[in-house]
Amino acid sequence: MSDMTQLGTTLFSLTPLWRGGADAVELLEQVAAAGCGPAVELVGHQAWRGFPAVAPEDERAFRDAVERLQLVPVALGVYTDLFRRPGRPMTVEQAFDDIAPQLAAAARLGFPVVRATLGMPPELLGRVAAEAERLGVVLTFEVQGATTPGTPAVLELVELQRRTGTPFLGLTIDSSLSTPALPAALGTALRRLGLAAPGVTAVHEAWLRGGPIGPRIGAALAVVAGHPREAELAPLVAGVLGRCGRTEPEEWGELLPLVRHAHAKFWDVDVEAVRRPHGAWLRALSAAGYEGAVLSEWGGHELLERDEADALAVSAAHVALLSELAGARTAVTA
Amino acid sequence: MTMTEGTLRPDAVSARDGRLHLAVRLPWYRSLPVSCLEEVEVTVDGARVPLRSVSTGGFTGPVAGAGGSGAWWDLRDPLDVALDAPGVPGERHRIGLGIAVRIPYIQQAPGVPLVQRATVQTEGTVR
């Protein structure tokens, strides 16, 4: 990796602690103490009450904490809550009014990059990108899981960036694009919801099939159809399978110059499960000249209960793995 | 902690003015607009009980009224569910909760937002 590349953690990984009532400063202290920094990403609607209207004292406390702890705020998660009202999506005007203050909050809090969900309607995308540029914040959209380089939302984004040439628009690339196997934690979650062993196997077989993700998720949903807890099983199955992609870093080569932020995503407590794909992504980003941060993102809290995994401990183990992989890369290229 | 875990904490059941209240935690990783609350169903000792109102973030009203609210359900705050059921501190009850929240930024199909559901069964002593 380039000497410029920083490793760190998205505090989304600590969701169990946020849900337990912890505040931003407290969690930043824990992240620093566990060696999970220096780079940090936060989710606005997770970290601050009233976001994007962050209270001045909370803003000061955040800035003081990152300085004191020598952490580096690298990205803020922002959202367009298009379906805030039942039955109808927001208009472009309403959606712009929803997200613009979040970009301003990112600038005030010292985040150079925001990360948004891929798939913003094109007219809105143009307006939000212009607002990001005005504020001097880089607007990125997360490319993850089963997304492919040919996904229409990716093509629209790339087209807009190339047409405008703006350096304030880019991608957050997530290593879940290259997932070698469904996480073991998914099996744990499915069994907890009462899916019997043959059903768990059938879900895995559906994911292992060839072809596009849609029919593979459809096959997995057919496995849980009619189960007494289908209402909980179905979103879990669709959500996890959709976030476990099978493209390789090389397939994204042409788009890597647009990467402005990166996640190394993992689910299982045993971080060795991601050694190969995360090493491959670190090498690919390095080869593309990427100088941004690579952040550990643990999604296992969605699948495992609190006594099955400690969010901070698994994050620390994963950041150590990333350091080793990045260090090995530096040694090889030095 | 799965999204469901922690939705009802051990101290979730309380009594006020002789009636039961439930403190329900958001089954999601970030705060959501109150307008994303779609369903709340509660059973006490196996029997479905009507809700008097739900309250959080300055909103108080029926679940059906949440859709028009501009308030937020903060991740750190409980949703206070007022039940039309008698309750006395010290009693023990089996509580069943079914809750559905719309995730306003995830579409499970074009134009169809994801609805996150959690069902929890617990037994608690009324505070």
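Chain letters run A, B, ... following the sequence lines, proteins first, then strands; residues in each count from 1. Computed from heavy atoms alone, side chains included, the values below leave out hydrogens, waters and symmetry copies.
For B/Thr119, the parts lying near chain A are the backbone and the side chain together; criterion is any non-hydrogen pair under 4.5 Å. In this structure, chain B has heavy atoms under 4.5 Å from both the backbone and the side chain of A/Ala231. For B/Arg117, the parts lying under 4.5 angstrom from a heavy atom of chain A are both the backbone and the side chain. Only the side chain of A/Arg192 comes within contact range of chain B, with at least one heavy atom under 4.5 Å from a heavy atom of that chain. Using a 4.5 Å cut-off between heavy atoms, A/Pro86 contacts chain B through both its backbone and its side chain. Looking at B/Leu26, the atoms closer than 4.5 Å to chain A (heavy atoms on both sides) all sit in the backbone: N, CA, C or O. Only the backbone of A/Ala47 comes within contact range of chain B, judged by heavy atoms closer than 4.5 Å. B/Ala100 does not touch chain A: none of its heavy atoms, backbone or side chain, sits under 4.5 Å away.
Residues A/Phe83 and B/Gln107 are in side-chain contact: their nearest non-hydrogen atoms beyond the backbone lie under 4.5 Å apart. Within the 4.5 Å cutoff, the side chain of A/Phe12 has heavy atoms near those of the B/Tyr29 side chain.
Annotation: cation-pi geometry satisfied between B/Arg30 and A/Tyr79 (NZ/CZ under 6.0 angstrom from ring centroid, within 45° of ring axis).
Around the CD atom of A/Glu123, the shell of radius 6.0 Å holds no more than 12 heavy atoms that belong to other residues, nucleotides or ligands.
A salt bridge does not link B/Arg76 to A/Asp23: none of the charged nitrogens lies less than 4.0 Å from a carboxylate oxygen.
Within the model, atoms CG of A/Leu193 and OG1 of B/Thr2 stand 8.0 Å from one another, a figure rounded to the nearest 0.5 Å.
What you find for B/Tyr105 and A/Thr80 is that their closest heavy atoms are CB-O, 3.4 Å. When all heavy atoms are compared, the tightest approach of A/Asp81 to B/Trp72 is OD2-CH2, 3.9 Å. Between B/Glu5 and A/Leu304, the closest heavy-atom pair is OE1-O, 4.4 Å.
Between chain B and the residues A/Glu232, A/Glu308, A/Met90, A/Arg49, the most heavy-atom pairs under 4.5 angstrom are made by A/Arg49. With chain A as the partner, the residue from B/Asp77, B/Val34, B/Leu32, B/Val115 showing the most heavy-atom pairs under 4.5 Å is B/Asp77.
Between the side chain of A/Arg19 and the backbone N or O of B/Arg25, no donor-acceptor pair lies under 3.5 Å. Distance alone, capped at 3.5 Å, places no donor-acceptor pair between the A/Arg84 side chain and the B/Cys36 backbone.
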